[in-house]
Number of protein chains: 2
Amino acid sequence: MLQTVQKAAQVLRLFTPKQPEWGVTEVAAVLGIPKSGAHALLRTLAAEGLLQRTPNGRYRLGWSLFELSQTLLDSSALLRAARPIMERLVAGWGETTQLAVLVDGQVLYVEKLQGDRALEIVLSGVGKRLPAHCSGVGKVLLAHQPWENVLAIVERTGLVSFTPNTISSVEQLRAELERVRQQGFAYDQEEVMVGLCCAAAPIYDESGQVIAAMSLSVPAYRFYPNRQRLTTAIVDAARRVSEELGYYQEAWPWENGKPSRSRSSGLATSVPT
Amino acid sequence: MLQTVQKAAQVLRLFTPKQPEWGVTEVAAVLGIPKSGAHALLRTLAAEGLLQRTPNGRYRLGWSLFELSQTLLDSSALLRAARPIMERLVAGWGETTQLAVLVDGQVLYVEKLQGDRALEIVLSGVGKRLPAHCSGVGKVLLAHQPWENVLAIVERTGLVSFTPNTISSVEQLRAELERVRQQGFAYDQEEVMVGLCCAAAPIYDESGQVIAAMSLSVPAYRFYPNRQRLTTAIVDAARRVSEELGYYQEAWPWENGKPSRSRSSGLATSVPT
DNA sequence: GGCGACCGTTCAGAATGCACGAACCGATCG
DNA sequence: CGATCGGTTCGTGCATTCTGAACGGTCGCC
């Protein structure tokens, strides 16, 4: 694990919408490294285009990151597969649908399509992160992680409470994740914001790994009466995306680890690399 | 210049739309480093979320890059300032307008608004790179670089010819950049694609540095009759963006280097090396 | 207007962490 | 069933990075 690269990545992660500009001294202070080291990191990253210098000698994120991100999106089967299905979902329900992945133990929202009946959800947004324990997509994603990973995440970030409904104990979380894994979907019942609910379902890639989660966000008063229909809608949509990605299940919510390969020999071999 | 970080950045740059997936052995071969080294780089980058693993053990770009890119866009005054002005430009002319920056000696397109009268320009596109010597925006950006930088870029990448009009000699380039710098705008007269022209102008930040370029792309048969009006339109639009960014010029296309602050002792003033 | 504090940058010595090649393991294909 | 290819691991020696102190420019305060 090359520590120099780790530190470089740490430096990149410092740059947030709230603090998009950093100086050598600040970085050194926050990371607890000597100024000269921080300087070397920043300077190298800037030379590589991952950072750029401001007129006053400080640093901001560089355009290379934009290029890399575009390459990622361009080559990402996930977004290509999910977008049209999300559009149909929004057209049918008029609610907001979101697509998210797990990054570093947190939920990263990758796509968000807003419906005409939808209320504006300010907390989540494309490119934004949220803790995983409180949202529908977060619980889906955590549920398909090894429990030891989940524990490590929780120990690192804690279980921040957004509303009285937010999961606040590890035991509660363990039970909830178990349920989510078995039933194949998750609810967020006003756990991140009072009055806001959502139903979320996992998206599998061709190897059976859960790589993303999709959700329909609905105001509470429209959620509870329609829970069943919402659930089937999001589960079905997520299943269609998974199939688009090359995941052909025999029995659906079954054995989260590696379902294919050994089960019925012929099937897994037909998957193109 | 931390070489480990340099190599990590090199690895990231390998991932392109054409080859979005790499294995350890390939990376080691292309970079000329031992497999174990490539493995360490890839593994670390993946652990940091800058790469992700595919089901078959190879590597693709990771979602962290998407997050960083969104942070960059969110905090970028350039795009915020340019977009509305580009929209008005498109509304007025019905032609395509583009915004580009210089990354690593090449033009990186950052925004592209297509007009209703416009022909589809396939070569350029958001997140795509092109050589700088052949496009309007590229010539504008090069013109405001120190000539030694330009030389280094040309020596590294050569002067690829797209059409008979493409600049193909260093002397030709030097003269053209000199003209562009003095007149404050550049034309691309079918230099990248036969039948396609554009007019481009520089965008300055508050310190007087050229940080981007804007262009109007027009089919040749509409370009030549309207060249004068196109020129004033794009120059004016770019000037408005610059002013939005805090650049208040006294006399406009004048003294490319560092106009404000100090006149005589001006060379080493703003950014120390 | 001059003094001081702050910040980015440079430098040289010291040890730590990376580079390297060989060996391991698992999958894939003939 | 064996051979080849790809990803992974491991231990050692050397070079690279880390460290802390000093430099020089800029800004703000007195």
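Proteins come first, then strands; the chains are lettered A, B, ... in the order of their sequence lines, and each starts at number 1.
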Check your understanding: If you look at every heavy atom in B:Asp205 and B:Ile211, which pair is closest and at what distance?
Key -> OD2-CG2, 3.7 Å
Check your understanding: Which pair of non-hydrogen atoms, one from B:Gly138 and one from B:Val107, has the smallest distance, and what is that distance?
Key ->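 The answer is CA-CG2, 3.3 Å.
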**Study point:** Ion pair check, B:Glu243 and B:Arg240, cut-off under 4.0 Å
**Key:** no
Can you tell me if the side-chain N/O atoms of [X] get under 4.0 Å from OP1 or OP2 in [N]?
{"X": "B:His39", "N": "D:dT8", "value": "yes"}
{"X": "B:Arg43", "N": "C:dC18", "value": "no"}
{"X": "A:Arg53", "N": "C:dT9", "value": "yes"}
{"X": "B:Thr4", "N": "D:dT17", "value": "yes"}
{"X": "A:Lys7", "N": "D:dC18", "value": "yes"}
{"X": "B:Tyr59", "N": "D:dG6", "value": "no"}
{"X": "B:Thr25", "N": "D:dC5", "value": "no"}

Exercise for review: Please report, rounded to the nearest Å, how far the C1' atom of D:dC27 is from the CZ atom of A:Arg58.
Suggested key: 14 Å
Review point. Could you give the CG-to-C1' distance, from A:Asn56 to D:dG25, as a whole number of Å?
Key: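 After rounding, the reported distance stands at 14 Å.
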Check your understanding: Under 4.0 angstrom, heavy atoms only, what part of the nucleic acid is A:Leu42 near: base, sugar-phosphate, or nothing?
Key ->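 Nothing, no nucleic acid heavy atom in range.
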Check your understanding: If you look at every strand shown and take non-hydrogen atoms under 4.0 Å, does B:Gly37 touch a base, only sugar-phosphate, or nothing?
Key ->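 Nothing, no nucleic acid heavy atom in range.
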**Study point:** Residue mapping more 5' on DNA chain C - nearest nucleotide basis, A:Trp22 or A:Val5
**Key:** A:Trp22
Review point. Would you say the side chain of B:Lys35 and the base of D:dG7 hold a donor-acceptor pair, judged only by whether the two atoms sit under 3.5 Å apart?
Key: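 Side chain to base: pair found, below 3.5 Å.
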Study note, to complete from the structure: Out of C:dG8, D:dT19, C:dG21, minimum distance to the side chain of A:Ser36 belongs to D:dT19
Study note, to complete from the structure: Side-chain atoms of A:Leu2 come closest, of C:dC18, D:dG20, D:dG7, to C:dC18
Point to revise | Exam field: side chain A:Ser75 to backbone B:Pro20, donor-acceptor pair closer than 3.5 Å | key: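 Side chain of A:Ser75 to backbone of B:Pro20, a donor-acceptor pair under 3.5 Å: no, none is there.
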Review point. Side-chain donor-acceptor pair under 3.5 Å between A:Gln10 and B:Glu48, yes or no?
Key: no
